[in-house]
Visitor: 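Mind looking over this structure? Questions follow.
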2 protein chains.
Amino acid sequence: MPLIERLPKKQRHQHLLKLIEANPFVTDRELTRELKVSIQTIRLDRMELGIPELRERMKQMAEHSYDQVRSLPLDEVVGEVVDLQLDKSGISIFEIREEHVFSRTHIARGHYVFAQANSLAVALIDDEIALTASADIRFLRQVHLGEKCIAKAYVRSMNGQKGKAKVEVFTYVGEEMVFQGNFVIYRSTGEDNIEGGM
Amino acid sequence: MPLIERLPKKQRHQHLLKLIEANPFVTDRELTRELKVSIQTIRLDRMELGIPELRERMKQMAEHSYDQVRSLPLDEVVGEVVDLQLDKSGISIFEIREEHVFSRTHIARGHYVFAQANSLAVALIDDEIALTASADIRFLRQVHLGEKCIAKAYVRSMNGQKGKAKVEVFTYVGEEMVFQGNFVIYRSTGEDNIEGGM
DNA sequence: TACTGTTTTAGTACCAGGTTCTAAATAGAT
DNA sequence: ATCTATTTAGAACCTGGTACTAAAACAGTA
């Protein structure tokens, strides 16, 4: 019953975990070359650590991405739309996370706040294709990591079927307004009447 | 040489394509039950249609999602800055890919084009912290899947150390201007002199 | 030194989900 | 009937494993 000096195994386990995390596509055989142990040891280690075999790892990744892709169409909108009255008004919520901020300052990058507002403005328009033509925006104060942005959008005008819609968006964190934007959205009812737009 | 009535095969091919698209995780054996043909026929069909085996499909999906995750952290700046003269001008290139477009129309979502311009405008300012205060933007024409956006930014004015910088950005696809924006960027030289900004 | 227990290695059988190849059965048109 | 395309069958082989048995190598200790 060796009490001391049983570290190499634990160290190998750590090493193994790192190797597989670094490259989930590595086979057991490739790992033997890296860790200088037999393939059986690799397999025992994987069992102890609960790491599934290569094919299972790939399957899980594939299923994961498939689920994501399935839900991506919802991602045409940045932020979660919690209320939507087409051609009238809408509300969306967007939480600022690690990936949305400048790592140094933890302040949200402007384009995410813009993206939320833009997405909501576009979603509001009940039309085949709705694209942003122009926007006039103000960032009123910085938004920080962890803050929840609540964007409220209102359609201010709608001219005809081949026209532009004006949408005003206000984004709040709590009581404070952090962003304000006036969007002009092109609404094409199928025709090629767009001169510009996104 | 059967000239007529050779449709069942083509129909089966169509059916097969749809089944695999609907569920990429289906095995050949499962497909035999759906299509009422032998497993060899399924395999011949897959070959003719160039559809890889289940494991290869899963591997490709896994690699795809892995690549996506890998490339996300590079996103502090949207687009690749290819030229940068701090406080003067800069150029960045951004290729519109699948994940940047509306899946239905293949037109780029506006906020990506904005993000490229915004990122470049911020990168241009040689300061500790640079945040977008406001912007006035125009989307001049749609940008489509596969197009390369070349954004050129110029600093138009700079007032003092605690001031705002005005940056003008033009984005082109080839010769065509697709976006134009006037950004006001706050440059804080460490102090807390920002009233707003991203 | 011999005994004990852990750890590592080796080897075999087996599995899923295929590929590759050869060959036979079947269908359809002429 | 015959010719050709299509479909089916079967066997050998592949990868990257699992499951299991068994032997060796190591360590600590009595």
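Numbers restart at 1 for each chain; the letters A, B, ... are given by sequence-line order, proteins then strands. The analysis underlying the following values was restricted to heavy atoms, covering all of them including side chains, and did not include hydrogens, waters or symmetry mates.
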Visitor: From NZ of Lys10(B) over to C1' of dT6(D), roughly how many Å is that when rounded to an integer?
Guide: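 The answer, rounded to whole Å, is 14 Å.
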Visitor: Among dG18(C), dT9(C), dG16(D), which nucleotide has an atom closest to any side-chain atom of Asp28(B)?
Guide: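 Of all the options, the side chain of Asp28(B) is nearest to dG18(C).
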Visitor: Mind calculating the distance between CE (Met58(B)) and P (dA16(C)) to the nearest angstrom?
Guide: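 After rounding, the reported distance stands at 14 Å.
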Visitor: Name the closest nucleotide to the Arg46(B) side chain, picking from dT8(C), dT18(D), dT19(C).
Guide: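 Side chain of Arg46(B) sits closest to dT19(C).
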Visitor: Nearest to the side chain of Met47(B) - dG17(D), dG18(C), dT20(C)?
Guide: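 Selected nucleotide: dT20(C).
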Visitor: Parallel, tilted or perpendicular: which one describes the rings of Phe179(B) and Phe114(B), with boundaries at 30° and 60°?
Guide: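 Ring orientation, 0 to 90° scale: perpendicular.
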Visitor: Can Lys152(A) be said to sit on top of Tyr172(A)'s aromatic six-ring, NZ or CZ under 6.0 Å from centre and within 45° of the ring axis?
Guide: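 Flagged: Lys152(A) positioned over aromatic ring of Tyr172(A).
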Visitor: Between Lys36(B) and Ile51(A), which residue's closest nucleotide on DNA chain D lies nearer the 5′ terminus?
Guide: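 Upstream on the strand: Lys36(B).
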Visitor: Return the value, rounded to whole Å, for the distance between atom NZ of Lys9(B) and atom P of dT6(D).
Guide: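 Rounded to whole Å, this separation is 4 Å.
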Visitor: Can you identify which nucleotide, out of dG17(C), dG17(D), dA10(C), has its nearest atom closest to the Leu54(A) side chain?
Guide: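 Per side-chain heavy atoms of Leu54(A), the pick is dG17(D).
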Visitor: May I ask you to check whether Tyr112(B) and His111(A) place their ring centres under 6.0 Å from each other?
Guide: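 No; Tyr112(B) has its ring centre 6.0 Å or more from that of His111(A).
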Visitor: Which whole-number value in Å describes the distance from Arg57(B) CZ to dG17(C) C1'?
Guide: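 After rounding, the reported distance stands at 11 Å.
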Visitor: Between dG17(D), dG18(C), dT8(D), which nucleotide gets closest to the side-chain atoms of Val37(B)?
Guide: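 Nearest listed nucleotide: dT8(D).
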Visitor: With a 4.0 Å cut-off on heavy atoms, is Leu44(B) in touch with a base, just the backbone sugar-phosphate, or nothing at all?
Guide: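 Base: the residue Leu44(B), judged by heavy atoms under 4.0 Å, touches a nucleobase.
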Visitor: Scan nucleotides 11-15 of chain C against the protein and return all N/O pairs shorter than 3.5 Å with their distances rounded to 0.1 Å.
Guide:
{"residue": "dG11(C)", "atom": "N7", "partner": "Gln40(A)", "partner atom": "NE2", "Å": "3.2"}

Visitor: Going by salt bridge (Lys or Arg N to Asp or Glu O under 4.0 Å), Asp28(A) matches just one of Arg57(A), Arg43(A), Arg55(A). Which one?
Guide: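 Exactly one pass, corresponding to Arg43(A).
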Visitor: Under 4.0 Å: is that the gap between some side-chain N or O of Thr41(B) and OP1 or OP2 of dT8(D)?
Guide: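 So the side-chain polar atoms of Thr41(B) do come within 4.0 Å of the phosphate oxygens OP1 or OP2 of dT8(D), strictly under.
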Visitor: Measuring from atom CZ of Arg138(A) to atom CZ of Phe170(A), what distance do you get when rounded to the nearest 0.5 angstrom?
Guide: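 Here the interatomic distance stands at 13.0 Å.
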Visitor: Got a second to check how far Ile93(A)'s CD1 is from Ile150(A)'s CD1, nearest 0.5 Å?
Guide: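 Between Ile93(A) CD1 and Ile150(A) CD1, I get 4.5 Å after rounding to 0.5 Å.
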Visitor: From CG of Asp45(B) over to C1' of dT19(C), roughly how many Å is that when rounded to an integer?
Guide: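 So the two atoms are 16 Å apart, to the nearest Å.
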Visitor: Can you hop from Leu86(B) to Phe183(B) via hydrophobic side chains spaced under 4.5 Å?
Guide: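 They do share one cluster, since a chain of ILVMFWY contacts under 4.5 Å joins Leu86(B) to Phe183(B).
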Visitor: Starting at the 5' end of DNA chain D, what dot-bracket string do you get if Watson-Crick and G-U pairs under 3.5 Å are bracketed, crossing pairs use [ ], other-strand pairs use | and unpaired bases use dots?
Guide: ||||||||||||||||||||||||||||||
Visitor: When the distance from CG of Leu16(A) to C1' of dT8(C) is rounded to whole Å, what number comes out?
Guide: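 Checked: the CG to C1' distance equals 15 Å.
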Visitor: Tell me whether Lys10(B) is salt-bridged to Glu48(B), with the criterion being a basic N under 4.0 Å from an acidic carboxylate O.
Guide: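 Judged by the 4.0 Å cut-off on N to carboxylate O distance, Lys10(B) and Glu48(B) do not form a salt bridge.
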Visitor: Do other residues, nucleotides or ligands put more than 12 heavy atoms under 6.0 Å from the CZ atom of Arg29(B)?
Guide: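 At most 12 heavy atoms, drawn from other residues, nucleotides or ligands, come within 6.0 Å of this atom.
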Visitor: Please report the distance, rounded to the nearest Å, between CG in Leu31(A) and C1' in dG16(D).
Guide: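 From Leu31(A) CG to dG16(D) C1': 12 Å.
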Visitor: Assign each of Pro52(A) and Ile42(B) to its nearest nucleotide of DNA chain D by heavy atoms, then name whichever residue's nucleotide is nearer the 5' end.
Guide: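 Taking each residue's closest nucleotide, the earlier one in sequence belongs to Ile42(B).
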Visitor: Is Arg43(B) touching bases, backbone alone, or none of the nucleic acid, heavy atoms closer than 4.0 Å?
Guide: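 If one applies the 4.0 Å heavy-atom cut-off, Arg43(B) turns out to touch a base.
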Visitor: Drop me the distance from Met47(A)'s CE to Ile42(A)'s CD1, to the nearest 0.5 angstrom.
Guide: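 Met47(A) CE to Ile42(A) CD1: 13.0 Å, rounded to 0.5 Å.
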Visitor: If I take atom CD1 in residue Ile39(B) and atom P in nucleotide dG17(C), what distance separates them, rounded to the nearest angstrom?
Guide: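 Going from CD1 in Ile39(B) over to P in dG17(C) covers 9 Å.
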